[in-house]
Amino acid sequence: ENSGLMKAGPRQAEFMPTEGKTVKFSDVHGVDEAKEELKDVVAFLKDPTAFATLGGKLPKGVLLTGHPGTGKTLLARAVAGEAGVPFFFASGSDFEEVYVGVGAKRVRDLFAAARKKEPAIIFIDELDAVGGKRSSRDQQYMKQTLNQLLVEMDGFMQSEGVIVIAATNFPESLDSALVRPGRFDRHIAVPLPDIRGRVQILNHHMKGVTCSPDVDPTILARGTPGFSGADLHNMINQAAIQASKERATHVTLKHFEWAKDRIVMGAERKSTFIEHEDKLLTAYHEGGHALVALYTDGAMPLHKVTCVPRGHALGVTSQLPKNDRFSVSLKEYKAEIDVCMGGRVAEELIYGRDYLTSGASSDIRAATSTASSMVKSWGMSDKVGPVYYNDRDPISPVRKQEIEDEIRNLLQQGEARVVALLTEKKEELHKLAHALVEYETLNADEVRKVIKGEPIRNITEILQ
Ligand code: ADP
């Protein structure tokens, strides 16, 4: 007879592959780049030995980063589904332990279970719960769990056919040991969907829902900037439930509006619904960066610009280096500073100084860091001269002042150039910002057309 006295904590179930409907890449929408990047993981899992023989190199660990509900779990399941291999799910918070050593044992069990079924995928949601750099009381326990994870990841050979995919919304908070080569050394961003992605996600999840003719996914997508795939799915479900409560024959636009409001106002506030005014402000900010990138000699070519949030950023302007940059000239560094200034200057130009926001702080940090290196490391200031300064060696107060003045000069000169440029191009800035609000993501070609007032692909065409 078991008196129960011998039991050490709750018994935990063995790790088993996730059952249920097979997920395919075609079930995940609005994240084409992430899917593209995961294709070789699928190829590898289909035939690990062949892949290794052909000399293919693959990471053991892939880190998916992005807001909650953007489809990271779904993507990982799709990789398993496409490759036809078992999927082992664990959440970082499962390893938060009450008893010493339990978390580490769970990690061991997880890997052992997956190895028995290889090729296989292990998915660890909320990796930051195990591998965060936080300093809490139970840090010591979590350290053991983390160490066990590192041991397991180092312990298997690539040819073994186990791939670990993990997800986090806070990649910068991970312990640096986790992201070293041979561990989670490939990072793939899973962004919030833009308007086109939202239409696709809505269409996908609205299959099988009986809607009235007034329900148009394009209009729903327009009204839900900032929503994740999970928010959209949730909105459809809530609308359908509300319709059935009212014994309606169809789910109508009204039901969708009701469901959207519930999610936007929701107690949890997990979603990132973006108000129109905020979206417009971000559009001017990013539009400013983009125009400066377009018109400044020496700036890296504009790639695309978006006012959909990513990571901590409210919007992103991305540029593409022309070719591998071995050395960068003074002109190019100045252009880099100017592009950084573009966002803040645009805000001030449109809204006035009193309405400046703190949204430009990372731009200012980036510009300052470039200017500082120009003065202290690269000998690009005439006043300071070709001298290298580091922060460890003592330095006279006079010199220090001179360096600081030069850094500030570089930044203020950049700001002045950008004020002149954007004042001249103000009409183009307006056009670009409004197009960004409508389309959310524009590539460089589209930006060029929009500012000339030329038509770009019609919104309904884009949304097909
Ligand atoms: P995450 O792991 O990023 O938090 P999930 O993959 O758990 O997000 O998403 C939860 C649900 O939301 C999915 O099961 C799916 O129904 C829906 N969903 C989220 N993102 C997408 C997407 N990109 N395409 C289609 N459906 C999505």
Side-chain angles (χ1 to χ4, degrees), residues 25-35 67 69-71 74 190-243 248-264 271-280 282-283 286-287 304-310 314-316 431-443 445-447 449-450 454-464:
F25 275 150
S26 56
D27 295 311
V28 198
H29 298 277
V31 287
D32 293 345
E33 286 169 31
K35 282 198 253 183
H67 282 80
T70 47
L74 201 62
V190 187
L192 285 168
D194 65 7
I195 186 163
R196 185 177 169 189
R198 293 199 300 279
V199 172
Q200 290 173 338
I201 294 171
L202 285 164
N203 275 329
H204 181 85
H205 291 294
M206 278 160 72
K207 278 181 212 144
V209 178
T210 317
C211 296
S212 63
D214 65 342
V215 177
D216 177 351
T218 313
I219 294 172
L220 291 177
R222 255 201 204 126
T224 47
F227 268 34
S228 67
D231 291 331
L232 294 169
H233 194 185
N234 192 4
M235 177 175 82
I236 297 167
N237 284 340
Q238 302 241 15
I241 291 171
Q242 187 60 15
T249 51
H250 291 81
V251 187
T252 65
L253 191 58
K254 257 216 183 105
H255 297 128
F256 277 101
E257 294 289 346
W258 180 87
K260 177 188 140 185
D261 287 347
R262 261 183 76 117
I263 292 168
V264 173
S271 71
T272 35
F273 179 73
I274 306 163
E275 299 291 348
H276 178 77
E277 271 91 86
D278 296 333
K279 195 175 173 191
L280 188 62
T282 305
E286 297 307 325
K304 64 178 184 184
V305 46
T306 171
C307 60
V308 175
R310 179 181 278 209
L314 297 171
V316 184
K431 285 186 192 140
L432 180 53
H434 285 94
L436 270 174
V437 167
E438 186 169 358
Y439 293 86
E440 295 182 11
T441 312
L442 295 173
N443 65 29
D445 270 348
E446 291 166 336
V447 169
K449 285 195 178 134
V450 161
E454 288 172 13
I456 57 173
R457 283 172 307 158
N458 183 297
I459 187 100
T460 36
E461 222 176 289
I462 288 194
L463 299 175
Q464 291 313 310

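Scanning all heavy atoms of the two residues, the minimum distance from Val437 to Ala283 falls at CG2-CB, 3.9 Å. What you find for Glu286 and Thr306 is that their closest heavy atoms are CG-O, 3.6 Å. Across all their heavy atoms, His250 and Ala243 have their closest contact at O-CB, 4.0 Å. Pairing each heavy atom of Ile263 with each of Phe227, the nearest pair is CG2-CZ, 3.8 Å. Of all heavy-atom pairs spanning Val199 and Ala221, the tightest one is CG2-CB, 3.5 Å. Cys307 approaches Thr282 most closely through the heavy-atom pair CB-CG2, 3.9 Å.
Side-chain contact between Tyr439 and Ile456 is present, with at least one heavy-atom pair separated by less than 4.5 Å. Between Val308 and Pro191, every side-chain heavy-atom pair lies at or beyond the 4.5 Å cut-off. Inter-residue side-chain proximity for Leu253 and Leu220 is flagged as met; some heavy-atom pair is nearer than 4.5 Å. Put simply, the side chain of Val251 does not reach to within 4.5 Å of the side chain of Val215, judged on heavy atoms. Taking 4.5 Å as the limit, every side-chain heavy atom of Lys449 sits out of range of all side-chain heavy atoms of Leu442. Contact annotation: the side chain of His233 never approaches that of Ile201 to less than 4.5 Å [non-hydrogen atoms, C-beta and beyond].
A side-chain donor-acceptor contact under 3.5 Å links Glu446 to the backbone of Asn443. Put simply, the side chain of Asp231 gets close to the backbone of Ser228: a donor and an acceptor are under 3.5 Å apart.
Legend: residues meeting side-chain hydrogen bond (donor to acceptor under 3.5 Å, both in side chains) with Glu440, ordered by chain and number and at least two apart, are Arg198, Lys279. For the ring-ring contact (aromatic ring centres under 6.0 Å, His included) test, residues two or more places apart in sequence or in another chain that qualify with His29 are His204.
Annotation: the span from Leu202 atom CG to Ile236 atom CD1 amounts to 5.0 Å, rounded to 0.5 Å. Residue Leu232 holds its CG atom at 10.5 Å from CE of Met206, rounded to the nearest 0.5 Å. To the nearest 0.5 angstrom, Lys304 atom NZ is 8.0 Å from Asp194 atom CG. The CD atom of Gln242 sits 9.5 Å away from the OG1 atom of Thr252 when rounded to the nearest 0.5 Å. Note that CZ of Phe256 and CG of Asp216 are 11.0 Å apart. Values are rounded to the nearest 0.5 Å. Rounding to the nearest 0.5 angstrom, the gap separating the CG atom in Leu280 from the CG atom in Leu436 is 10.0 Å.
Remark: Lys254 NZ is loosely packed, at most 12 non-hydrogen atoms of other residues, nucleotides or ligands lying under 6.0 Å away.
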